[in-house]
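Since we're looking at a predicted model, the values are computed, not measured. Lettering of chains follows the sequences in order, A, B, ..., and the numbering in each one begins at 1.
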There are 2 protein chains.
Amino acid sequence: MALKKGYAGQDCSLARTLELVGERWTMLVVRDAFYGVRRYSDFLAHLDIPRAVLSARLRTLTESGVMERRRYEESPPRDEYVLTEKGRRLWHALFALLMWGQEFAGGTTVRRRYLHAGCGTELEPSGGCAACGRAAVPPEEVELRPGPAADGPAARQDPVSRALLRPHRLLEPLET
Amino acid sequence: MALKKGYAGQDCSLARTLELVGERWTMLVVRDAFYGVRRYSDFLAHLDIPRAVLSARLRTLTESGVMERRRYEESPPRDEYVLTEKGRRLWHALFALLMWGQEFAGGTTVRRRYLHAGCGTELEPSGGCAACGRAAVPPEEVELRPGPAADGPAARQDPVSRALLRPHRLLEPLET
DNA sequence: CAGTGTTGATTCGTTCATTGAACCGAGTAG
DNA sequence: CTACTCGGTTCAATGAACGAATCAACACTG
């Protein structure tokens with residue numbers, strides 16, 4: 001996991017959470033999985049992550065039950081990595097971190113907007129929907145849309161980034 | 001920050017957030033700050049963190065405006081580290097990670113409970129209060145109480161851990 | 001059926017971060 | 001003067017991340 005002894009001695013839910021998803025890159029892999037990324041090569045292209053690290057992260061995520069490796073084609077054999085229920089439940093934590101970054105670490109450019117699908121309202125920073133009165137919108141009901149700064153000069157040009165310029169339901173496989 | 005180039009190329013709120021609070025130990029330092037820990041030696045005793053790492057984390061947290069270093073005694077000169085508004089706004093993300101760990105990474109033992117102070121209701125996993133209908137309870141209104149497994153055999157014995165066995169309002173300085 | 005391309009990796013040398021112990025300096029109490 | 005506490009820094013050893021190269025399985029092309 002992390003370094004020498006994990007967070008030994010910290011018998012705390014947060015420490016245990018960080019053992020699973022607190023390593024470098026792990027949360028970004030999970031974020032991409034919410035965005036609909038499923039294939040090794042797509043994670044690789046979108047994250048600019050060393051291959052060895054991506055392999056290691058996908059392995060620990062599947063071993064801990066956050067993601068699941070699934071054969072979706074027999075010939076040629078192709079596997080995909082998808083979030084399990086356990087993984088999907090990370091949405092609120094991930095969204096909270098995202099909103100915090102948008103407010104405090106971002107500057108002014110909004111690259112992506114998160115809407116409550118159907119209702120069409122933008123999600124609250126708390127992850128709820130003001131229009132519906134839902135305190136916690138599950139990721140299946142969230143639609144991702146490009147924000148005003150989505151296609152700016154600093155935008156990435158890989159296939160995944162381009163695919164994310166189209167409105168897209170979270171967790172649905174991405175069309176690259 | 002992190003390794004060679006941070007998360008260069010990931011122009012995303014989440015990546016920027018992780019640049020600030022995604023390093024090893026950082027979130028645990030922030031958690032302790034919510035618990036009321038303020039002094040270098042108390043972080044050290046409670047976290048079992050190498051001194052060099054604690055110094056580095058406190059420095060980056062103050063440099064990025066998440067925490068503030070404050071002189072609270074002139075002779076002998078003593079400083080304390082407290083969360084800024086920017087830091088306090090991390091509460092919801094931190095609480096979401098905590099709840100996820102309690103459900104999925106914890107086992108069955110609940111060491112701490114989080115109540116809406118005044119109202120006395122236990123917080124929802126979403127961070128809201130069902131009784132008051134508040135979608136997002138701010139940390140100032142959260143009371144921390146020991147749960148059933150708080151004083152179990154695996155409990156730490158440092159002064160900070162012992163102080164946390166008493167009911168305690170978040171962010172209030174801890175009496176050690 | 002040899003050559004080329006794609007996918008999903010592993011291996012390896014270099015660079016960087018973490019660890020834990022030792023050390024240090026300011027200040028104070030005895 | 002000595003001892004002790006607080007809040008660090010320094011240092012050698014270790015482990016993780018990086019990026020490039022390589023590899024194996026399979027499909028497609030000519």
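The side chain of B/R69 approaches D/dG8 more closely than any other nucleotide in the set D/dG19, D/dG8, C/dT19. Picking from C/dT10, C/dA9, C/dT19 the nucleotide with the shortest atom distance to the side chain of A/Y81 gives C/dA9. In the set C/dT10, D/dA17, C/dT18, D/dA17 carries the atom at the smallest distance from any side-chain atom of A/R57.
In this structure, CG in A/L174 is found 8.5 Å from NE2 in A/H46, a value given to the nearest 0.5 Å.
Spacing between atom CZ of B/R71 and atom C1' of D/dC6 amounts to 12 Å, rounded to whole angstrom units. In this entry the distance linking CG of A/D79 with P of C/dA9 reads 7 Å, nearest Å. Distance, B/L54 CG to C/dA17 P: 18 Å, rounded to whole Å. In this entry the distance linking CD of A/E19 with P of D/dA16 reads 12 Å, nearest Å. Whole-Å rounding puts the A/L47 CG to C/dA9 C1' distance at 16 Å. Rounded to whole angstrom, the span from the CG atom of B/L18 across to the P atom of D/dA17 amounts to 14 Å. For the pair A/L44 CG and C/dG8 P, the interatomic distance rounds to 10 Å; values are reported in whole Å. The CE atom of A/M67 sits 15 Å away from the C1' atom of C/dG8 (whole-angstrom rounding).
In this structure the side chain of A/V110 reaches within 4.5 angstrom of the side chain of A/Q102, judged on heavy atoms.
Shown here are the side-chain contact (heavy atoms from CB on, under 4.5 Å) partners of B/A52, two or more places apart in sequence or in another chain: there are none. With sequence neighbours excluded, the residues forming a ring-ring contact (aromatic ring centres under 6.0 Å, His included) with A/W25 are B/Y7, listed by chain and number. Remark: A/Y81 engages no residue in a ring-ring contact (aromatic ring centres under 6.0 Å, His included) (not counting sequence neighbours). Under the rule for a side-chain hydrogen bond (donor to acceptor under 3.5 Å, both in side chains), B/S126 has no partner lying at least two apart in sequence or in another chain. Evaluation of the ring-ring contact (aromatic ring centres under 6.0 Å, His included) rule for B/Y35 yields no partner, not counting sequence neighbours. Looking at residues two or more places apart in sequence or on another chain, you find a side-chain contact (heavy atoms from CB on, under 4.5 Å) between A/S41 and A/R39. Among residues two or more places apart in sequence or in another chain, the side-chain contact (heavy atoms from CB on, under 4.5 Å) test is passed with A/E85 by A/R88, A/R89. Evaluation of the side-chain contact (heavy atoms from CB on, under 4.5 Å) rule for B/A93 yields A/A96, A/L97 as partners, not counting sequence neighbours. For the ring-ring contact (aromatic ring centres under 6.0 Å, His included) test, residues two or more places apart in sequence or in another chain that qualify with A/W100 are A/F104.
Heavy-atom distances to DNA chain C give each of A/E80 and A/A52 a nearest nucleotide, and the one nearer the 5′ end belongs to A/E80.
In DNA chain C, stems built from 3 or more consecutive Watson-Crick or G-U wobble pairs, each with both distances under 3.5 Å, span C:1-30 with D:1-30.
Shown for residues 33-41 of chain A: no residue has heavy atoms falling under 4.0 angstrom of DNA chain D.
Below 30°, between 30° and 60°, or above 60°: for B/Y114 and B/W91 the angle between ring planes is between 30° and 60°, a tilted geometry.
Under 4.0 angstrom from either OP1 or OP2 of C/dT10 there lies at least one side-chain N or O belonging to A/S55. Contact annotation: A/W25 reaches the phosphate of D/dC18 (side-chain N/O to OP1 or OP2, under 4.0 Å).
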request  = Quick one, give me the B/S/- string for nucleotides 21-30 of chain D, reading 5' to 3', where B means a protein heavy atom under 4.0 Å from the base and S means that only happens at the primed atoms, P, OP1 or OP2.
outcome  = B----SS---
